[in-house]
Number of protein chains: 2
Amino acid sequence: MTVSNVINDRPNVRRATREKVLEAMARLDYRVNIAARNFSKGRTGTIGLAVPMVNSPYYSRLAATIITAAERHNLRVSIEQTGASRENELHALSLSRNRLYDGLILSAAGMGQADAECLKVDHPVVILGERIFGGPVDHVAMPNVDAAEAATRHLIERGCRRIAILCGAVDEVDVSSLRLAGYRQALDKAGLSADPALIQTVERPDMREGVARAREMVESGLDFDGLFCVNDSVAMGALRGLACAGVRVPDQVKVIGFDNVTESEFLVPSLSTVDPDHDTMAERAVNLLIRRIEETEPGAEHEEFVSPFSVVIRESTGG
Amino acid sequence: MTVSNVINDRPNVRRATREKVLEAMARLDYRVNIAARNFSKGRTGTIGLAVPMVNSPYYSRLAATIITAAERHNLRVSIEQTGASRENELHALSLSRNRLYDGLILSAAGMGQADAECLKVDHPVVILGERIFGGPVDHVAMPNVDAAEAATRHLIERGCRRIAILCGAVDEVDVSSLRLAGYRQALDKAGLSADPALIQTVERPDMREGVARAREMVESGLDFDGLFCVNDSVAMGALRGLACAGVRVPDQVKVIGFDNVTESEFLVPSLSTVDPDHDTMAERAVNLLIRRIEETEPGAEHEEFVSPFSVVIRESTGG
DNA sequence: TTGTAGGCGTTATCAT
DNA sequence: ATGATAACGCCTACAA
């Protein structure tokens, strides 16, 4: 016990005793076993972060910010790659339930609203993203509809009249359907009709698909002068696809993305986009989780936090 | 004990007993406590991965691959961001020493050859990168000199005669100095003199610096027709900087990077680069670490693994 | 100020 | 086939 008191720098240890202990620790090259300490406290000192994959501009940035925020609270972050599959997301939840993590930040991409019940667990969970609303957990989301409307409005203000959108499948409530709703809203308010041909979908919202789809749009003779992409990865791909097809951006087509990933600023042309304030989101997610971890009683209402956003104007829309 | 036997699906449990246990487990909504299990086995089930930051195309890809490889062995990965600082790298080592991790994969960027002694620890460590060679641990490295030589040779073969290099400070043995050596080697063999003015350095090898430096090179009137960048992030920036300065790639200047990050393929123009076979590297690092974790005696010689590589030819060199 | 006892949840060992 | 006991390394609570 006295050793423990010395290690934890607690008072009520005689100077001489303290030094004897320290000497012995040095002599034996003793190290506290943090795992054992956590175990005895019923903690692991680690939170889980489940994302579809970490090798994408968006999720790697999210992970970086969350790791930094967690570190300030002396928590480590273990990353789980779900590949956007429902099973893997549920698996991450169960690892947390198995007390491998003190709490879980789950970026849902496979689970849907129907799975909200699965979140009714007795350990801390914060959910990120747009596929589950009003679930029995704290939730950090983006202002998808409003921000998508603002992005589309920006294209309109720059003179675009036939604005296409490149988004994922929209069968469920998720990023794509919400951003599509914002797009429609902007067109409506501007009195522009939403030509169904201008609504294009990709299988997975990544660069590869962005390239392919953008080329096809041009080569099929689709007439458009603006393009709103569901995220910056798709937009990066689209810039590439348009270049391949000989379309000049922003002269012939203006392009705007969503996320403001690090790369966007450095593309040729640099990419206009929506910045959903990643730092605030990550910070908030971590803080919500920690509040749950530290609360003793089931406690507070579940919070729904929607991040502020801004439109970042760059060359791809003639900025 | 019988319960434990049931949970772990071990034999020597009567059918009826097993069912009684399973029934009780279901009734009580029992979950194994993985942390406790690991603790009793003297393991944590988690390895540490220390990288400068996870929000970069290169390190996020590395992290993704390592997480996937570790998962196959049922190990979780905890990520530590060191910001390339020596202190933080040593801190990651000490967390590992404190039995928070079963082992550590350390991508050294702040520690140098002089710190090799610090790696003499009694727990498994695999070191990644080019700053420490011949240390007392397993090491996974890139074929920097050879690959840089091949990249430079590729520029020469494409007709470049005044080839610049954009690399980090070269005061120590690291990525930059090794790749610079390869660059010099290629010029020598081709009988081209290495004009010192063509050797340009950046503070940190990232996109932002790549943009700034490339612009400056053009605007200062430096005469060059080829550019080898120390990594793809710098190269992405350089493409952007050259575009700003009105230089056409590949017509006026051909550009090649190093790393083959996911984005390279989708840039405009797409970026030629060196592919150091990330998957093989990550796989190898994890396997080496696991071998150490599982070995009972101090065991085998320390292995130095150098990944194979290939030159990927794309538009930025006229491919 | 120091030290003893007990517990965290699991598994290994050994006895029944 | 089942179960008692101890151990993993630390901490809390309490006793000396």
Side-chain angles (χ1 to χ4, degrees), chain A residues 1-48 73-76 78 94-103 121-124 293-294 296, chain B residues 1-48 74-76 78 94-103 121-124 293-296:
Chain A
M1 199 54 236
T2 298
V3 172
S4 178
N5 285 331
V6 171
I7 289 170
N8 294 287
D9 228 1
R10 279 189 279 251
N12 297 336
V13 178
R14 221 191 328 160
R15 199 190 181 74
T17 315
R18 179 183 304 274
E19 266 154 29
K20 243 186 346 200
V21 171
L22 290 174
E23 184 277 326
M25 280 172 48
R27 184 160 38 80
L28 301 171
D29 195 33
Y30 168 87
R31 316 273 164 181
V32 262
N33 180 326
I34 300 184
R37 170 184 292 170
N38 287 332
F39 176 60
S40 90
K41 291 201 157 117
R43 290 272 174 88
T44 66
T46 299
I47 63 175
H73 301 273
N74 205 23
L75 283 169
R76 253 82 30 208
S78 220
S94 88
L95 282 181
S96 187
R97 177 159 40 234
N98 286 342
R99 331 221 111 220
L100 198 50
Y101 305 135
D102 292 339
V121 291
D122 60 353
H123 61 273
I293 291 173
E294 284 173 357
T296 42
Chain B
M1 201 55 236
T2 298
V3 172
S4 179
N5 285 331
V6 171
I7 289 170
N8 293 286
D9 228 3
R10 280 190 277 250
N12 298 335
V13 179
R14 227 191 328 160
R15 198 188 183 76
T17 314
R18 178 183 305 274
E19 265 152 30
K20 248 194 330 206
V21 171
L22 290 174
E23 184 277 327
M25 280 172 47
R27 184 160 39 80
L28 302 170
D29 194 33
Y30 167 87
R31 315 273 164 182
V32 260
N33 180 326
I34 299 184
R37 168 184 293 171
N38 287 333
F39 174 60
S40 99
K41 292 205 157 110
R43 290 272 173 88
T44 65
T46 298
I47 62 175
N74 204 25
L75 282 168
R76 252 82 32 208
S78 220
S94 88
L95 283 181
S96 186
R97 178 161 35 236
N98 286 341
R99 332 221 104 214
L100 199 49
Y101 305 135
D102 292 340
V121 292
D122 59 353
H123 61 273
I293 291 173
E294 285 174 355
E295 80 187 358
T296 42

Quiz prompt | 4.5 Å side-chain heavy-atom contact, B:N12 and B:N5 | solution = no

Exercise. Using modelled atom types only, decide if a donor and an acceptor are shared between the side chain of B:N98 and the backbone of A:N33 within a distance under 3.5 Å.
Key: no

Quiz item: Expressed in angstrom and rounded to an integer, what is the separation of A:N5 atom CG from D:dG9 atom P?
Solution: 20 Å

Practice problem: For the residue pair A:H73 and A:E294, establish whether any side-chain heavy-atom pair is separated by less than 4.5 Å. | Solution: no

Practice problem: Could you state the atom-to-atom distance from CG of B:N38 to C1' of C:dT11 in whole Å? | Solution: 12 Å

Quiz item: Atom OG in A:S94, atom NE2 in A:H123: separation rounded to 0.5 Å?
Solution: 8.5 Å

Quiz item: With distance as the sole criterion, is a donor-acceptor pair present between the side chains of B:T44 and B:R76 under 3.5 Å?
Solution: no

Practice problem: Look at A:R18 together with A:D9 and state whether they make a salt bridge at an N to O cut-off of under 4.0 Å. | Solution: yes

Exercise. Could you tell me whether the side chain of A:I47 reaches within less than 4.5 Å of the side chain of A:I293, counting heavy atoms only?
Key: yes

Exercise. Would you jot down, in residue-number order, the residues of residues 11-18 of chain B having a non-hydrogen atom under 4.0 Å from DNA chain D?
Key: B:N12, B:V13, B:R14, B:T17

Practice problem: Could you tell me whether a side-chain N or O of A:D102 sits under 3.5 Å from a main-chain N or O of A:G45, the two making a donor and an acceptor? | Solution: yes

Quiz item: Hey, does B:V6 have a side-chain heavy atom less than 4.5 Å from the side chain of B:L22?
Solution: yes

Quiz prompt | Check: A:V3 and A:Y30 side chains under 4.5 Å, non-hydrogen atoms | solution = no

Quiz item: Is B:S4 close to B:R10 at the side-chain level, that is, under 4.5 Å between some pair of heavy atoms?
Solution: yes

Exercise. Rounded to 10°, tell me the angle between the two end axes of the helix from C:dT1-D:dA16 to C:dT16-D:dA1, each built from five pairs.
Key: 50°

Practice problem: Please state how far atom CG in A:N33 lies from atom P in D:dA7, giving the value in whole angstrom units. | Solution: 18 Å

Practice problem: Give the rounded distance in Å between these two atoms: CZ of A:R43 and P of C:dG9. | Solution: 14 Å

Exercise. Provide, to the nearest angstrom, the distance between the CG atom belonging to B:N98 and the C1' atom belonging to D:dC10.
Key: 13 Å

Quiz item: Just how far, in rounded Å, is P of D:dG9 from CZ of A:R31?
Solution: 16 Å

Exercise. Produce a footprint string for nucleotides 11-16 of chain D: one letter per nucleotide, 5' end first; B if the base is under 4.0 Å from any protein heavy atom, S if only the sugar-phosphate is, - if neither.
Key: SBB---

